[in-house]
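All heavy atoms count here, side chains included; hydrogens, waters and symmetry mates do not. Please read all numbers here as calculations on a predicted model, not as lab measurements.
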Amino acid sequence: MPGICSVFLLVVLFAHSCHGFYLPGSYMHTYSTSDTIVAKVNSLTSIETELPFSYYSLPYCKPLGGIKKSAENLGELLMGDQIDNSPYRFKMNVNESLYVCTTSPLNEHEVKLLKQRTRDLYQVNMILDNLPVMRIAKQNGVSIQWTGFPVGFTPPNSNDDYIINHLKFKVLVHEYEGSGVKIIGTGEEGMGVISEADKKKASGYEIVGFEVTPCSVKYDPEVMTKLHMYDSISPVNCPLELDKSQIIREQERISFTYEVEFVKSDIRWPSRWDAYLKMEGARVHWFSILNSLMVITFLAGIVFVIFLRTVRRDLTRYEELDKEAQAQMNEELSGWKLVVGDVFREPDCAKLLCVMIGDGVQITGMAAVTIVFAAFGFMSPASRGMLLTGMIILYLFLGIAAGYAAVRLWRTLKGTSEGWRSISWSVACFFPGIVFVILTVLNFILWGSKSTGAIPISLYFVLLSLWFCISVPLTLVGGFLGTRAEAIQYPVRTNQIPREIPARKYPSWLLVLGAGTLPFGTLFIELFFILSSIWLGRFYYVFGFLLIVLLLLIIVCAEVSVVLTYMHLCVEDWRWWWKAFFASGSVALYVFLYSINYLVFDLQSLSGPVSAILYLGYSMIMAIAIMLSTGTIGFITSFYFVHYLFSSVKID
């Protein structure tokens, strides 16, 4: 106790002495009046094709110093983000209207490309001080907000397309009077802690909002070409008449201009992401959780009956008998007690089972740690790609747990450590190998489409290096530790001759597949929000809900698997190993079917076979990961349930 008190006191003293900070994200920038701020551009994206393209793949104006890529992390590259500098620059608190450039006459290829990107509803994604640009529009009196703005638009009942070439920016700024405080990152409101480090005031302006109103304006190219970049122009009113808008056609010269207005705001810097992270459908999330709790209560009742009423009653009555009565009772055994000599018989495809359990432990650990960190605010949307980068790093280092779990189960099944290297290698290559094959096929499709979503060859080598230099060695280390760990001892001996399994009226696998509906019931509502965030470009930041759903899912998977294992043992079916795995793992089948349902009914705008193949490929990876994770949870719970059940039976 004195040690714990000392540690607690040190933590309190450290917290008191350190600067206040916000978690997580990037450093806060304060700007003085007239400071130059440069907007950045990300890949062009569309919910119709899901194929990202570089901003400069279209004939847009390029910055004076040339195109420079921003530093990208592993997650950004894998997500297809390509962040470049842009010619759009602002001066803090200076409202101005500026000319950017005029293109050379559009050729046939450029016109075709612009028309295709316009018809496919591609959005331009700009970033200022790490904030994505937001467009607010009114439909039926309701304000709707999007990130980004369209490349162009096609009027109803028209074959003509018009390009967006004038942007009216509104930058929201908050006047900041500091107190020597070091502020790190962007979190939700209330997460920040500000301490009075010193009294030296450091005033400035923080950017807390970035909005745009896109327009299409037809300019006279003869007049505009006489201007230079960043020359002032007259403010422009967005025209409503099509004849005053800039049409996309051959030999047209398009002039690009923009306006910027700085508006003071009461929004504080830690709360600037709130507009993007407005949690839609909070009631639906709570409904999902209540629905899951009802399923858990129902299953918990069944488990309670099995354990307390049936199993404990049988065991108590059995233990109260003397040896002669026990011997007589052994001859009259029924139900699960009859398979006592076969229940721990080695399952079919034991090596594959060990490998899948090892990978399941790795994926479950990665998901749990990532969601916990995200729920506590360490995965800010301001840090693009950090969620995916964090998941990959966690997966690599959890190879040690995967190797340990797989080899220890192998030792338990075989009674020997022989072949542990083969098991460890298989664990290190099974799930990553499946993902690698699917991603390679999808990558060839993306390369063929010249999309920025394609993984570069250099990144392929980086991923392979991480795989073979970190994941494989750590999995082998985990396997070695598994050989040194004590094997789990079976409580009963296995007979030499396997017992015949009575005929069933219906296939047992039917029951196993049906069991997956219960875990799916706890997951499917949250799954809708996750799929929407991936495929419809919405921000997903309700990781608190997701953490609760994960905990409920683990409980339901464990309960379903235990109930089904007990039911199979009661009908003298001692082949419970794989059934325990797939009782909870079969939820993956329903997840994949739901993904297809989402594609057909919610992604109706998705166009072309390429987009559908990409969607189904990524959905397949997600379903396999869910199967390995949930199957492992169910199997481990069932294994310890069976071990406990038969450790109470004393049969010679």
For residues Val427 and Val407, determine if any side-chain heavy atom of one lies less than 4.5 Å from a side-chain heavy atom of the other.
-> no
Main-chain N/O of Ala583 paired with Ser561 side-chain donor or acceptor, under 3.5 Å | no
Contact check, side chains of Ile530 and Leu546, non-hydrogen atoms, under 4.5 Å | yes
Do you see a donor-acceptor pair shorter than 3.5 Å between the side chains of Lys579 and Ser638?
-> no
Do the non-hydrogen side-chain atoms of Phe520 and Leu527 ever get within less than 4.5 Å of each other?
-> yes
Atom CG of Leu463 and atom OG of Ser458: how far apart are they, to the nearest 0.5 Å?
-> 9.5 Å
Start with the C-alpha distance between Leu413 and Phe344, add both sets of side-chain angles, then the distance that settles side-chain contact (heavy atoms from CB on, under 4.5 Å), and finish with yes or no.
-> CA-CA 8 Å; Leu413 293 175; Phe344 290 108; over 6 Å; no
Under the 3.5 angstrom rule, does the side chain of Tyr566 hit a backbone N or O of Val642 as a donor-acceptor pair?
-> no
Are Leu474 and Leu396 side-chain neighbours, meaning at least one heavy-atom pair lies under 4.5 Å?
-> no
Check against side-chain contact (heavy atoms from CB on, under 4.5 Å), Ser471 and Leu466 | CA-CA 7 Å; Ser471 184; Leu466 290 172; over 6 Å; no
Determine whether Thr412 and Tyr490 make a side-chain contact, defined as any pair of heavy atoms from C-beta on separated by less than 4.5 Å.
-> yes
Whether Thr517 side chain and Gly514 backbone form a donor-acceptor pair below 3.5 Å | yes
Under 6.0 Å between the ring centres of Tyr460 and Phe436?
-> yes
Mind listing the closest non-hydrogen atom pair of Arg421 and Leu476 along with its distance?
-> O-CD2, 4.3 Å
With side-chain contact (heavy atoms from CB on, under 4.5 Å) as the test, would you mind laying out the steps for Asp359 and Tyr395 before giving the verdict?
-> CA-CA 10 Å; Asp359 278 326; Tyr395 184 84; 3.8 Å; yes
Looking only at atom types and distance, does a side-chain atom of Arg408 sit under 3.5 Å from a main-chain N or O of Arg484, one as donor and one as acceptor?
-> no
Taking the six-membered ring for Trp, is the centroid-to-centroid distance between Phe581 and Phe635 below 6.0 Å?
-> no
Distance only, no hydrogens: is a donor on one side chain within 3.5 Å (strictly under) of an acceptor on the other, for Ser595 and Tyr618?
-> no
Has the side chain of Thr637 got a donor or acceptor atom that lies under 3.5 Å from a matching backbone atom of Ala558?
-> no
Closest heavy-atom pair and its distance - Gly419, Trp410 | C-NE1, 4.2 Å
Flag the pair Phe639 / Trp576 as yes when at least one side-chain heavy-atom distance between them is below 4.5 Å, and no otherwise.
-> yes
Trp467 side chain to Ala428 main-chain N or O, any donor-acceptor pair under 3.5 Å?
-> yes
Report yes or no: does Arg411 contribute a side-chain atom to a donor-acceptor pair with the main-chain N or O of Thr483 at less than 3.5 Å?
-> yes
Provide the closest heavy-atom pair for Leu614 versus Leu51 in the form atom of the first, atom of the second, distance.
-> CD1-CD2, 3.1 Å
Quick one: are Leu616 and Ile596 in side-chain contact, heavy atoms under 4.5 Å?
-> yes
Inspect the surroundings of CD in Glu346 and state if more than 12 heavy atoms from other residues, nucleotides or ligands are less than 6.0 Å away.
-> yes
Per side chain to side chain contact (heavy atoms under 4.5 Å, CB included), Pro519 is matched among Leu552, Val591, Val560 by Val560
Can you measure from CG (Leu394) to CD1 (Ile363) and round to the nearest 0.5 angstrom?
-> 13.0 Å
Atom CD1 in Ile438, atom CD1 in Ile624: separation rounded to 0.5 Å?
-> 4.5 Å
Heavy-atom donor-acceptor pair, Trp447 side chain to Pro456 backbone, under 3.5 Å | no
To the nearest 0.5 angstrom, please state how far the CG atom of Leu645 sits from the CG atom of Leu569.
-> 7.0 Å
All heavy atoms of Leu564 vs all of Val512, minimum pair found to be CD2-CA, 3.7 Å
Would Phe582 and Trp578 satisfy side-chain contact (heavy atoms from CB on, under 4.5 Å), going step by step from the backbone distance to the final call?
-> CA-CA 6 Å; Phe582 284 112; Trp578 281 106; 3.4 Å; yes
Hey, does Leu531 have a side-chain heavy atom less than 4.5 Å from the side chain of Tyr594?
-> yes
Around atom CZ of Arg345, are there more than 12 heavy atoms of other residues, nucleotides or ligands at under 6.0 Å?
-> yes
Measure the CG-CG distance between Asp348 and Leu353 for me, rounded to the nearest 0.5 Å.
-> 10.5 Å
Donor-acceptor side-chain pairing of Thr630 and Ser584 below 3.5 angstrom | no
For Thr632 against Gly360, the heavy-atom pair lying closest together | OG1-CA, 3.1 Å
Flag, side chain of His643 to backbone of Gln489, donor-acceptor distance under 3.5 Å = yes
When rounded to the nearest 0.5 angstrom, what distance separates NE2 in His568 from CG in Leu511?
-> 5.5 Å
Report, as yes or no, whether the 6.0 Å neighbourhood of atom CE on Met622 holds more than 12 heavy atoms from other residues, nucleotides or ligands.
-> yes
Nearest non-hydrogen partners of Pro473 and Phe468, listed with the distance = CD-O, 3.3 Å
